[in-house]
Amino acid sequence: MEQRLVSLLQSPLNLNPNQLKQLHALIITSQPSIFPLFLKHVSAPATIQYARQIFDEIPQPDSLFCNSIISIFSKLSLHQEAIKVFFSAHFKRTKLAFFSVPSILKSCASLAASAEGKQVHALSLIRGFCSNVYIQTALIDFYSKNGDMDAAKRVFDEISVKDPVPCNCLISGYSKSGNVLEARRVFEMMQLRTVASWNSMISCYAHVGDPIEGLRLFERMQNEKEKPNEMTLVTVLSICAKLGDLRTGLKVKEMVDVHDLRTNLIVRTAVSEMYMKCGAVDEARKVFDEMSQRDVIAWSAMIAGYAQNGRSNDALELFEKMCLENIEPNEVTLASVLSACAQLGSVEVGEQIGSYIEGRGFASGVYVGSALLDMYAKCGNIKRARRVFDNMKHRDVVSWNSMIGGLAINGLADDAIELYEKMIRDQFKPNDVTLIGLLTACVHGGLVEAGIRFFDSMQKEHNVTPKVEHCACMVDLYCRSGRLEDAYKFISKMETEPNVVIWGTLLSACRVHSNIELAQCSMEKLLVLEPHNSANYVLLSNIYADAGRWEEARKMRNLMRKKDVQKLAGYSWIELEDTVHKFLVGDTFHPSSDEIYDIVDGLSLQLKLVDKNSDYDLELCEAS
DNA sequence: TTAGGGTTAG
């Protein structure tokens, strides 16, 4: 009987839970001495929970059994379970086994279980395991993932012979904590580098905001005859995407083809992404369409690319296709879809997707929440935007910016300012985008003094350097309230070079406020900056005409002709049930022209009657 | 030990 059982247990068994129980009972009742042999079978991934039950019942399990349970839990990413078993074994006075240490440290690293990991380190020291490179490497990894690079470095310094693996581990730790200098120091010190060393170092530069240095390193890697693998190429492709460097991107794509990595899903996604970010949207789509399999990341990347390139309709179409193929969208997908909806400003589509997202409870995350409230605000539903904002569990600077900007573009200047003040009280640091929203609010509300105050506080109080966009807001602010001289003074004192937006703003304000002198001055600049924009010539010509200075108006028209500037017609268009209707000012070609004008007249009458704020419920603004 | 996708403004 014993012999038969032993030989049975020595062969590979694939037992279902019932058979397992029967065998277990048989062994316990007839041959308890061969129980350890049985444990070997029970601690397999498929039967790990059963092993766990047995483990709980044994007063002092042997360390081999403990080790296999821990390593299986760890491999299955059931880190919490692995840690529980480890400490439970410790309290049952089972001695820590050498081979358990890397697994348990991996679990502690994954969960950022700092205290537990340190205890494992202490136990390893007591058992004298810490002079082993395997365990030292696991410790470096653990401390790195916990963000304690000093501890990681201390362990590293203890290693006598520096194999590539612990070095790579340390590089990747420095890389994740953004310490590119230390990472590079370790990298340069290595006698023998592996592909992983290069990859970690290159991706470090990619993430730390120095992609150019990443490319240089990639070049050096080739000079030193180190063969890149798919991870290298993916990283370098993402650098090219970031830089919008199509030339290098295409070279890397060639390497993908040469190394026959075309079928790798991640590589293909990276190639498609590279095209996308370099503006080659249709090439990206081609790569995407030719992929034999696509995961949610591939779909999301493509949808995001469409949204970022202003091709909202394509983004939404692709999203629909994705749903039809039963790929479950995640937060990343939805954030991009919302951005596409926001660009369209279509209330109908927006409400539909918005309800879908809120219904599934996706609205409280930072990315989706911000994108959702931005979309509602852009579609004019400011109440719903505010509700999303108030219900968000966590907010970051983008959430605040989206809400402040949303209130601003909906004409609710006071609410925008109030929210900004709350943002400051809540200790959030505003950035340049926040100030754009805030200044926009002042422009829409005609709040000149407030705008000046906020502009002055940018650098002084928040250490945000005004960009040309902020200056454009200020110029707009002065201009709209008729303070053209102040606008001009402001422009003269600007630290950045004024651009066409700024001079253009001043020029159009000059028509409204009949200021010929400043108009001429703006035009002088605009003739240099954008000599082919017909709008400027027409504007100045009209300013002269308004003042009865016909001769100069005519000269302007002649200058336009001389420079061969074409006047572009400003068409408006609207899409209704797959048909695009195009209109020119005053045109009467549309078959329903009369009705259309009736409705337009009605609308403008209504707009004049409606008080700008009456539709907004102020109670909702009470910050949560 | 190393790899791909996201929100705001202009």
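Computed from a predicted model, the values in this text were never measured in an experiment. Quick note on labels: first sequence line is chain A, next is B, and so on, each numbered from 1.
- Within the structure, every side-chain polar atom (N or O) of K242(A) is placed at least 4.0 Å from both OP1 and OP2 of dG4(B).
- Not one side-chain nitrogen or oxygen of K467(A) sits closer than 4.0 Å to the OP1 or OP2 atom of dA9(B).
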Could you go through F454(A) and Y420(A), starting from their C-alpha distance and side-chain angles, then the distance that decides it, and tell me whether this counts as ring-ring contact (aromatic ring centres under 6.0 Å, His included)? CA-CA 11 Å; F454(A) 289 130; Y420(A) 170 75; 5.5 Å; yes
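- A sub-4.0 Å separation between OP1 or OP2 of dG6(B) and a side-chain N or O of K277(A) is present.
- The side chain of V368(A) sits closest to dG6(B) out of dA3(B), dG6(B), dT1(B).
- A salt bridge links K277(A) with E273(A); the closest basic N to acidic carboxylate O contact falls under 4.0 Å.
- In terms of polar N and O atoms assigned as donor or acceptor, the side chain of N330(A) never comes within less than 3.5 Å of the base of dG6(B) in a complementary pairing.
- Nearest nucleotide to the D374(A) side chain, out of dA9(B), dG6(B), dG4(B): dA9(B).
- In this structure, of dG10(B), dT1(B), dA3(B), it is dG10(B) that holds the atom nearest to the side chain of T440(A).
- Counting to the nearest Å, the P atom of dG10(B) and the CD atom of E469(A) are 8 Å from each other.
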Does the side chain to side chain donor-acceptor pair (under 3.5 Å) test come out yes or no for T194(A) and S197(A), once each step is laid out? CA-CA 5 Å; T194(A) 63; S197(A) 326; 3.2 Å; yes
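- Within the nucleic acid shown, I436(A) comes within 4.0 Å of sugar-phosphate atoms alone, with no base atom in reach, counting heavy atoms only.
- We find that CD of E230(A) is positioned 12 Å from C1' of dG4(B), with the value rounded to whole Å.
- Within the nucleic acid shown, V397(A) has no heavy atom closer than 4.0 Å to any nucleic acid atom.
- When heavy atoms are screened at a 4.0 angstrom cut-off, K106(A) is found touching no nucleic acid atom at all.
- Backbone-only contact: E273(A) has heavy atoms under 4.0 Å from sugar-phosphate atoms and none from a base.
- No option in T235(A), T232(A), N168(A) other than T232(A) meets the side-chain hydrogen bond (donor to acceptor under 3.5 Å, both in side chains) test with N199(A).
- Of the possible polar contacts, one joining the N330(A) side chain to the V332(A) backbone as a donor-acceptor pair under 3.5 Å is found.
- For C169(A), taking side-chain heavy atoms from C-beta onward, the closest of the listed nucleotides dT8(B), dT1(B), dA3(B) is dT1(B).
- W400(A) and F428(A) have tilted rings, their planes meeting at an angle from 30° to 60° on a 0 to 90° scale.
- In this structure, I404(A) places its CD1 atom 13 Å from P of dA9(B), rounding to the nearest Å.
- Among the atoms of the strands shown, base atoms are found under 4.0 Å from some heavy atom of T269(A).
- The separation between F187(A) atom CZ and dT1(B) atom P is 19 Å, rounded to whole Å.
- Distances from the side chain of T333(A) to the nucleotides dG4(B), dT2(B), dG5(B) place dG5(B) closest.
- Rounded to a whole Å, the CE atom of M375(A) is 15 Å from the P atom of dT7(B).
- Residue Q308(A) is in sugar-phosphate contact alone, with no base atom involved, counting any heavy-atom pair closer than 4.0 Å across all strands shown.
- Side-chain nitrogen and oxygen atoms of H207(A) include at least one within less than 4.0 Å of the OP1 or OP2 phosphate oxygen of dG4(B).
- What separates CD of Q343(A) from C1' of dG6(B) is a distance of 13 Å, to the nearest Å.
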Decide yes or no on side chain to side chain donor-acceptor pair (under 3.5 Å) for S370(A) and S399(A), but give the supporting numbers first. CA-CA 5 Å; S370(A) 309; S399(A) 330; 3.2 Å; yes
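- Of the residues in residues 131-143 of chain A, D141(A) come within less than 4.0 Å of DNA chain B through at least one heavy atom, sorted by number.
- Note that K106(A) lies outside the cation-pi zone of F142(A), set by a 6.0 Å cut-off to the ring centre and a 45° limit from the axis.
- Using a 4.0 Å heavy-atom distance criterion, A304(A) is classed as a sugar-phosphate-only contact.
- Residue L265(A) is classed as a base contact, given a heavy-atom separation below 4.0 Å to a base.
- Among the atoms of the strands shown, none is found under 4.0 Å from any heavy atom of H470(A).
- Applying the 3.5 Å distance criterion, the base of dT7(B) shares a donor-acceptor pair with the side chain of S370(A).
- Nearest nucleotide to the N264(A) side chain, out of dT7(B), dA3(B), dT1(B): dA3(B).
- With rounding to whole Å, Y205(A) atom OH is found 19 Å from dA3(B) atom C1'.
- When each of dG5(B), dG6(B), dA9(B) is scored by its nearest atom to the side-chain atoms of A301(A), the top-ranked nucleotide is dG5(B).
- Among dA3(B), dT1(B), dG6(B), the nucleotide with an atom closest to any side-chain atom of K145(A) is dT1(B).
- Distances from the side chain of I266(A) to the nucleotides dG10(B), dA3(B), dT1(B) place dA3(B) closest.
- Between F490(A) and Y478(A), the two ring planes are tilted [angle within 30° to 60°].
- Of the candidate nucleotides dT7(B), dA9(B), dG5(B), dG5(B) has the atom lying nearest to any side-chain atom of V296(A).
- Ion pairing between R480(A) and D476(A) holds under the 4.0 Å rule for side-chain N and carboxylate O.
- Spacing between atom CD1 of I353(A) and atom P of dT7(B) amounts to 15 Å, rounded to whole angstrom units.
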